[in-house]
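A short write-up of the structure that comes next.
Just so you know, ligand 1 is whichever comes first in the structure, and atom 1 is the first atom listed for that ligand. Numbering starts at 1 and runs along the sequence shown. Just so you know, these numbers come straight off a predicted model, no measurement behind them.
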Amino acid sequence: MSSIDLHFHSNASDGALAPAEVIARAAEREATLVALTDHDCTNGLAEARASALELGLGFLNGVEVSVTWSGKHTVHIVGLGIDPSNAVLAAGLQSIRDGRVNRAREMGESLAKIGIAGAFDGAMAVCDNPEMIGRTHFARFLVASGEVKDVRTVFRKYLTPGKPGYVPHQWASLADAVGWICAAGGMAVIAHPGRYDFGRTLTERLILDFKDAGGEGIEVASGSHSLDDRHKYALIAQRYGLYASA
Ligand code: MN
């Protein structure tokens, strides 16, 4: 039973609800402290903050930065308590967003090659903020068009490494992402470590690189974690002296 949720998205990135709507839902669930952490953008924060204030919820400005670590692994780093007007952070996030649209075009082309036409336009049509186009929007389009039965299946069949619609992309470096968050006065947190499928050695390397860059926290409770994962990452947080996030 957690009343703290420091990782969720609005339609400013790939969430389904407007910032005020997702905050209202958190209030219904009796959350006491929340952070909106949209992918690579901070557009939703002002609306979310106003809504949290109105509903009496504690609110932290957040963001989730896409990182390519160790050459090939995509890792997400959450920033909490950031100043979204910080120029270093704003420029860094802009550079990531610029890469998204180009990648989405390539994804559309690669899906067309296996007979799925119109995926780029279709994904754009279900994306509220064209700069934030991503795999989730392609997944929603493919489900809505009847091509695939659900979002999970789309990712498994088309949108993960080695599959026909997957386009590798270089996101920010780990050191840059953590540096931008720290420059903006925030605390950097490794998002949903249980999702990365790293063994013990790689997990340890990630944590040490992250700490070297100035990172301070790791998600322990997450919608992507089983109860076993929670236990595992709680112990890891203790062992490496990281704050636990939820
Ligand atoms: Mn994430």
Side-chain angles (χ1 to χ4, degrees), residues 2 4-17 19 22 26 34-45 48 60-70 72-82 89 92-93 96-97 99-100 103-104 107 127-129 131-140 151-152 154-156 159-161 166-174 176-178 180-181 186-198 202-203 206-207 209-210 213 215-226 229-230 233 236-237 242-246:
S2 174
I4 295 174
D5 190 336
L6 304 178
H7 184 157
F8 54 82
H9 303 174
S10 75
N11 65 0
S13 64
D14 62 351
L17 302 176
V22 73
V34 296
L36 178 66
T37 57
D38 275 309
H39 287 290
D40 307 315
C41 84
T42 57
N43 298 4
L45 292 177
L60 289 171
N61 287 324
V63 68
E64 181 173 23
V65 184
S66 311
V67 161
T68 302
W69 174 67
S70 194
K72 59 179 176 177
H73 303 291
T74 300
V75 168
H76 289 167
I77 302 296
V78 163
L80 297 175
I82 51 157
L89 176 66
L93 297 179
I96 297 180
R97 292 196 298 271
R100 275 186 179 271
R103 168 174 170 259
M107 286 170 67
C127 179
D128 294 301
N129 175 2
E131 266 196 323
M132 294 309 302
I133 183 84
R135 287 185 297 168
T136 301
H137 304 108
F138 280 83
R140 283 192 201 138
V151 165
R152 191 177 289 255
V154 180
F155 271 83
R156 189 167 51 76
L159 301 179
T160 41
Y166 182 77
V167 174
H169 186 75
Q170 283 291 125
W171 302 110
S173 74
L174 180 64
D176 280 350
V178 174
W180 301 337
I181 290 165
M187 178 184 285
V189 176
I190 297 174
H192 42 62
R195 249 205 237 176
Y196 305 132
D197 217 10
F198 293 168
L202 216 49
T203 300
L206 171 64
I207 290 172
D209 281 1
F210 172 73
E216 295 176 89
I218 190 166
E219 286 180 358
V220 168
S222 162
S224 302
H225 285 177
S226 65
D229 288 334
R230 277 195 197 196
Y233 291 106
I236 283 178
L242 294 167
Y243 289 110
S245 192

### Summary
Heavy-atom nearest pair, I181 first then A188, reads CG2-N, 3.8 Å
### Task
Verify ring-ring contact (aromatic ring centres under 6.0 Å, His included) between W69 and Y196, making sure each step is shown before the conclusion.
CA-CA 11 Å; W69 174 67; Y196 305 132; 9.0 Å; no
### Summary
So CD of E219 and OG of S224: to nearest 0.5 Å the spacing works out to 8.0 Å
### Task
Could you tell me whether the Mn ion (ligand 1) has an N, O or S atom of H76 under 2.8 Å away?
yes
### Message
Under 2.8 Å from the Mn ion (ligand 1), is there any N, O or S atom belonging to H192?
### Response
yes
### Message
Tell me the closest heavy-atom pair linking A26 and V34, and the distance in Å.
### Response
CB-CG1, 4.0 Å
### Task
Measuring from the Mn ion (ligand 1), name the closest N, O or S atom belonging to E64.
OE2
